[in-house]
Protein chains: 2
Amino acid sequence: MITISDIAKLAGVAKSTVSRYLNGGSVGEATRKKIERVIEETGYSPNKFAQSLKAKKTNMIGTIVPRLDSFAASQTLIGIDEQLRALNYQLIISNSSQSLEREIENIYTLANQKVAGIILLATEITESHIEALRKVQIPIMLVGQQHEEYHSLIHNDYEASYELGKYVLENGHRRIAYLGVTERDVAVGVNRKKGFQKAVAQQSGCDVRYFETSFKIEDSINIVPEIMKDFHPSIFVCATDNIALGALKAAHIMGLNVPKDLSITGFGGYDITKITFPGITSAKFYYKEAGNVAAKNLVQLVNGEELKKVSLSRYKIIERESVDKMMD
Amino acid sequence: MITISDIAKLAGVAKSTVSRYLNGGSVGEATRKKIERVIEETGYSPNKFAQSLKAKKTNMIGTIVPRLDSFAASQTLIGIDEQLRALNYQLIISNSSQSLEREIENIYTLANQKVAGIILLATEITESHIEALRKVQIPIMLVGQQHEEYHSLIHNDYEASYELGKYVLENGHRRIAYLGVTERDVAVGVNRKKGFQKAVAQQSGCDVRYFETSFKIEDSINIVPEIMKDFHPSIFVCATDNIALGALKAAHIMGLNVPKDLSITGFGGYDITKITFPGITSAKFYYKEAGNVAAKNLVQLVNGEELKKVSLSRYKIIERESVDKMMD
DNA sequence: CTGAAAGCGCTTACAG
DNA sequence: CTGAAAGCGCTTACAG
């Protein structure tokens with residue numbers, strides 16, 4: 001373990017001079033050369049803890065994710081990592097395993113580690129969240145959900161869903177099963193549903209029924225056949241790609257041809273939806289890009305710069321083969 | 001920011017006493033009570049940096065992953081996280097984006113952050129890797145690949161592949177395309193191939209051809225039709241599930257019925273392989289469990305305990321519907 | 001441009 | 001059981 005004192009001694013200068021050299025202060029040419037050489041030779045690198053202890057801040061950014069094994073989370077993380085690296089920050093990923101409690105815990109733990117800021121990939125924002133965020137007093141970026149008190153980057157769930165709804169309707173579907181999730185998740189449960197409802201409201205003669213399932217593929221596999229029996233829709237409009245994946249599997253199990261016998265749409269644009277057979281039409285979000293933006297925004301916050309309260313990320317309807325064109 | 005001095009003052013004792021209280025040293029009953037109360041009231045929690053600066057070690061464990069968006073990596077990470085949390089260590093995830101260079105960089109960065117140990121989800125182990133690992137002098141666990149100098153946890157690629165090969169042969173397949181990857185990846189490129197070859201060697205009348213592709217689904221989608229044209233195997237034995245996923249997509253594009261016209265096997269047991277149509281027969285590895293073990297092992301190393309050089313993780317052949325039973 | 005000194009928040013011998 | 005002091009490796013005014 002080689003320290004700043006060693007460098008100072010070897011270079012024949014004071015510690016403070018080495019420190020100044022390290023931090024871009026004014027150092028004479030000759031001194032600079034000497035220090036440079038010694039550092040080069042020794043492979044010295046400053047002790048982060050000592051630095052942080054003085055500076056009372058770090059270059060670490062914490063990101064709390066609800067789960068590590070989801071396409072959306074992974075891609076967002078990749079985007080955050082990419083950007084943070086470019087900005088010279090170190091990313092710390094903290095997994096909450098879909099436990100709201102652990103999410104809160106992680107906020108405190110990260111604060112305790114003196115991260116410069118926190119990115120929260122949010123699902124639900126409860127009172128305890130707000131309480132924790134208020135207490136820790138650290139710059140925060142919310143991703144995926146919004147809250148009036150904090151800065152956020154959200155996906156354009158409402159509009160994307162509206163547009164996807166129009167697409168479904170334009171293709172002649174009238175008997176529709178909408179397969180959503182809990183409304184406690186405002187982005188996915190509420191906004192996607194509302195966007196879709198807006199599209200439906202503009203079209204007469206629709207028979208739309210709303211159902212609720214979980215985020216798990218398995219649950220979707222199970223509920224779809226039941227709905228088919230009772231309601232017999234021509235299409236399932238699913239609130240996430242995982243739900244759509246389950247619907248597709250269910251269709252195959254029932255021996256139904258997709259899209260002829262049953263159409264399906266997803267939401268999210270997970271990579272896997274282009275690999276399935278048939279490919280699934282979906283509203284794609286650019287998660288990686290969103291991660292980029294979230295990271296950039298947070299660093300602005302950390303630097304005390306101005307930032308608008310909410311940023312919107314891009315989306316695009318990806319048309320594939322899972323929706324029957326009933327008009328033809 | 002409340003410090004140990006504040007607590008000491010409020011409790012009317014010396015800093016050293018508070019420190020002793022915190023670290024389980026001997027403290028009188030009355031003193032203990034007082035300190036306890038003050039800490040409770042203030043919500044004090046010690047500054048990690050100051051602690052680490054003194055102790056010269058931390059409770060952080062670094063994990064370097066080649067990518068964040070792979071089933072294997074995510075699951076392993078979840079397992080590591082789970083175990084580390086239980087053992088009171090903090091996980092730092094470091095993404096190398098499939099760049100060997102960045103992997104090396106990350107080793108140094110983590111060392112610089114004074115992590116107590118490093119888990120490396122390895123793909124290739126080059127001389128630079130070894131050099132870096134030697135330099136940083138930190139306990140290391142390799143996952144997925146092995147090296148005589150370091151402790152590792154490996155998947156049983158060889159045996160799993162042997163068994164899967166036997167299964168394929170038992171089902172009557174003789175004209176077989178083996179779709180592997182670069183041999184620089186010893187685990188996936190070499191061991192899986194060798195295991196399969198062993199099975200083939202025990203069966204006469206086989207026409208097996210070996211092909212190489214990348215880890216990308218797209219490349220597999222492209223190469224499979226070419227192979228079909230030239231060779232026309234009854235089955236593709238794929239070195240990873242992603243490759244199998246590509247083969248399945250290619251089959252659908254070619255209008256082939258799987259498994260009747262073309263059979264497919266995968267490797268890894270990714271969740272998605274049970275959702276596809278048909279479900280893909282695959283050699284499943286228990287990644288999460290492997291992560292658990294790797295974490296536990298590393299902590300043993302950190303604590304200076306004995307540990308056998310290499311641990312093997314479990315596997316299981318998962319039979320689904322993608323292999324035609326030609327014997328019937 | 002350069003150096004001596006103080007201090008960041010802890011822990012650890014060492015006395016008592 | 002308890003406290004005063006030194007020290008971990010840095011940075012930051014302050015002099016010169």
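The sequence lines fix the lettering, A, B, ..., with proteins before strands; numbering per chain opens at 1.
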Participant: Considering just the side-chain nitrogens and oxygens of B:S19, establish if one lies under 4.0 Å of OP1 or OP2 belonging to C:dT11.
Facilitator: yes
Participant: Side chains of B:S97 and B:R102: does their closest heavy-atom pair fall under 4.5 Å?
Facilitator: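 Side chain of B:S97 against side chain of B:R102, heavy atoms only: contact under 4.5 Å found.
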Participant: Given D:dG3, is OP1 or OP2 found less than 4.0 Å from the side-chain N or O atoms of B:T17?
Facilitator: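 It does, given that an N or O in the side chain of B:T17 lies less than 4.0 Å from OP1 or OP2 of D:dG3.
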Participant: Please name the nucleotide paired to D:dA15 by Watson-Crick or G-U wobble geometry with both distances under 3.5 Å, or report none.
Facilitator: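 When the pairing criteria are applied, C:dT2 turns out to be the nucleotide that pairs with D:dA15.
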Participant: Mind calculating the distance between NZ (A:K33) and P (C:dC1) to the nearest angstrom?
Facilitator: 15 Å
Participant: Rounded off to whole Å, could you give me the NZ-to-P distance for the A:K114 and C:dC8 pair?
Facilitator: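 Going from A:K114 (NZ) to C:dC8 (P), I get 15 Å.
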Participant: Taking the side chain of B:K15 as heavy atoms from C-beta outward, which of C:dG9, C:dA6, C:dC10 is closest to it?
Facilitator: C:dC10
Participant: Where along residues 37-50 of chain B does a heavy atom fall under 4.0 Å from DNA chain C?
Facilitator: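 Those residues whose heavy atoms fall under 4.0 Å from DNA chain C, taken from residues 37-50 of chain B in numerical order, are B:Y44, B:P46, B:N47, B:A50.
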Participant: Just N and O in the side chain of A:Q51: are any of them under 4.0 Å from OP1 or OP2 of D:dT11?
Facilitator: yes
Participant: Does A:T31 put a side-chain nitrogen or oxygen below 4.0 Å from OP1 or OP2 of C:dT2?
Facilitator: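 Yes, such a contact exists.
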Participant: Report the distance from atom CD1 of B:I35 to atom P of D:dC1, rounded to the nearest whole Å.
Facilitator: 12 Å
Participant: Do the side chain of A:S16 and the base of C:dA5 come within less than 3.5 angstrom through a donor-acceptor pair of N or O atoms?
Facilitator: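 Per atom types, no contact qualifies.
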Participant: What do you reckon, is NZ of A:K9 surrounded by more than 12 foreign heavy atoms closer than 6.0 Å?
Facilitator: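 Check fails, neighbour count at 12 or below.
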Participant: Compute whether any side-chain donor of one residue and acceptor of the other, for A:E82 and B:N95, lie under 3.5 angstrom apart.
Facilitator: no
Participant: Closest nucleotide of DNA chain D for B:G12 versus for A:I2: which of these residues is on the 5' side?
Facilitator: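 Nearest-nucleotide comparison on DNA chain D picks B:G12.
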Participant: Could you state the CD1-P distance from B:I4 to C:dT12, rounded to the nearest angstrom?
Facilitator: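 It is 11 Å, rounded to the nearest whole Å.
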Participant: Send over the distance from B:I7 CD1 to C:dG9 C1', rounded to a whole Å.
Facilitator: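 One finds 12 Å between C1' of C:dG9 and CD1 of B:I7, rounded.
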Participant: CZ of B:R20 versus P of C:dC14: gap in Å, rounded?
Facilitator: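 Result: 14 Å.
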Participant: Quick one, A:E41 with A:R37, criterion salt bridge (Lys or Arg N to Asp or Glu O under 4.0 Å). Give me CA distance, side-chain angles, the key distance, then yes/no.
Facilitator: CA-CA 6 Å; A:E41 281 168 5; A:R37 249 204 38 224; 3.2 Å; yes
Participant: Could you walk me through whether B:V302 and B:Y89 pass the side chain to side chain contact (heavy atoms under 4.5 Å, CB included) check?
Facilitator: CA-CA 11 Å; B:V302 168; B:Y89 280 83; 3.8 Å; yes
Participant: Taking CG from A:L53 and P from C:dG7, how many angstroms apart are they, rounded to a whole number?
Facilitator: 14 Å
Participant: Let me know the distance between NZ of A:K54 and C1' of C:dC8, rounded to the nearest Å.
Facilitator: 5 Å
Participant: Will you find, in the side chains of A:S96 and A:N106, an N or O donor that is under 3.5 Å from an N or O acceptor?
Facilitator: no
Participant: NZ of A:K288: more than 12 outside heavy atoms within 6.0 angstrom?
Facilitator: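 No - once you tally the heavy atoms of other residues, nucleotides and ligands closer than 6.0 Å, there are 12 at most.
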